Amino acid sequence: MQELLLEEEEKMEQESTGSGSSKFSSLQWVFKVKNMAWEAYKSKPFSHWVLLFLSSLGMLVAFPASSLLSRVYFANGGTSKWIISWVAVAGWPIPALILFPMYLFHRTSPTPLSLQLFCSYVFLGFLSAADNLMYAYAYAYLPASTAALLASSSLAFSALFGFWIVNNKLNASVINAIVIITAAMTIIALDSDSDRYPYVSNSQYIWGFVWDILGSALHGLIFALSEWVFIKFLGRRSFHVVLEQQVMVSSCAFLFTTIGVIINKDFQGMTSEAKTFKGGVTAYNLVLIWSVITFQLGVLGATGILFLASTVMAGVLNAVRVPVTSIAAVILLNDPMSGFKILSLVITFWGFASYIYGTSTGRLSVVG
């Protein structure tokens, strides 16, 4: 089959020589991408692609669901930023329930916990707790579609931190994508009056904007540092190291966030908050329970992508979920969608395309 594909490509290349250099260049790029994809597929076992698919599904389905649930919580009477941050990491036993049977039935040995590795987990846990709190403030003051569009800036931060920390490549197309996505964020800032909720003050909207951008920057840093931990301490021996990192980082983040909730005395307020929640106590509990599940599955998917692929792919998938979240928020939550926001979404798509093209051509130059 591979030989037939190559013969067909050679014929098409020969036919394209008389139709101009630009057409030939485009066809050549398509052929190289196809060959690179085929070689990549053959180089990994089938189980690798199954895990990659499931991890991608976690990022593209669970993450948007968790974002929408955060907005549902605040829109229906929830007020505590610490509680929504706490549920983001309260699901740390989920990967633990998957990990422990691997130790028992698959003869997998736990990774030795050195002091450096432990400190890395604690530091990542602290950053994750801070990141969740920043996003909680963003979703408290911004529509879900706006918050998701602003969160697309994590793609730019993933590229920059990936370059500085794990030596991922930067080229003109990637830099162009960073500039384009920054322009899209500026458009949203200039159109702040069109989607600001009546009960949100101007200063709260601005702070929501700021916290969203800072959370996205921290998200990009966490991606790069997580990949660095895999490279430096864990290696890519087996998928169980993904679960180990997720359990340790999430449990550390859970500890830090629980301390914050206790100091802020938000646990005591959950009972009264549930009673005044639109839909009642049952709706309140369902929102929090599904938030726990979707947050953890989304983070587990992202960690899996970092292990199976790289910070680059994690950043791309994290950005691809932006239109999914934005469109779902407009349909399910009746989020306002102004002309400026649509323009920002289109420009963001353009930035994504430039980023994907830049990373793929970078890999082609290595292969070619």
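It should be emphasised that the depicted structure is a prediction, and the values quoted were computed from it without experimental measurement.
- In this view, L133 and K81, W82, S85, Y137 satisfy the side-chain contact (heavy atoms from CB on, under 4.5 Å) rule, not counting sequence neighbours.
- Note that CG of L218 and CZ of F157 are 10.5 Å apart. Values are rounded to the nearest 0.5 Å.
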Donor-acceptor pairs under 3.5 angstrom involving side-chain atoms of residues 279-290: please list them, not counting sequence neighbours.
unit_1 : atom_1 : unit_2 : atom_2 : d
Y284   : OH     : E273   : OE1    : 2.6
N285   : ND2    : V281   : O      : 3.3

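- Atoms CZ and CG, on R71 and L69 in that order, are 12.5 Å from each other to the nearest 0.5 Å.
- Under the ring pair (Phe, Tyr, Trp, His ring centres under 6.0 Å) criterion, F267 pairs with W86, sequence neighbours left out.
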Review item, side-chain donor-acceptor pairs of residues 119-130, under 3.5 Å, at least two apart:
unit_1 : atom_1 : unit_2 : atom_2 : d
S120   : OG     : Q116   : O      : 2.9
S128   : OG     : L124   : O      : 2.9

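- In this structure, the side chains of T111 and H240 come closer than 4.5 Å at one or more pairs of heavy atoms.
- Although no hydrogens or angles enter the test, the distance criterion places no donor-acceptor pair under 3.5 Å between the side chain of Q296 and the main chain of I293.
- F277 contributes atom CZ, which lies 13.0 Å from atom OG of S272 (distance to the nearest 0.5 angstrom).
- I165 CD1 to E227 CD: the interatomic distance, rounded to the nearest 0.5 Å, is 10.0 Å.
- Counted within 6.0 Å of CZ on F53, heavy atoms from surrounding residues, nucleotides or ligands total 12 or fewer; the atom is thus considered open.
- When the side-chain contact (heavy atoms from CB on, under 4.5 Å) test is applied to V179, no partner is found at least two apart in sequence or on another chain.
- In this structure, W49 is a member of the same hydrophobic cluster as V242, with clusters built from ILVMFWY side-chain heavy atoms closer than 4.5 Å.
- Under a 3.5 Å cut-off, the side chain of S250 and the backbone N or O of V247 do not form any donor-acceptor pair.
- The shortest distance between side-chain heavy atoms of Y103 and P110 falls below 4.5 Å.
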Using atom types as modelled, flag every donor-acceptor pair under 3.5 Å from a side chain in residues 57-68 to any protein atom, sequence neighbours excluded.
unit_1 : atom_1 : unit_2 : atom_2 : d
S66    : OG     : A62    : O      : 3.4
S66    : OG     : F63    : O      : 2.7
S67    : OG     : F63    : O      : 3.1
S67    : OG     : Y139   : OH     : 3.2

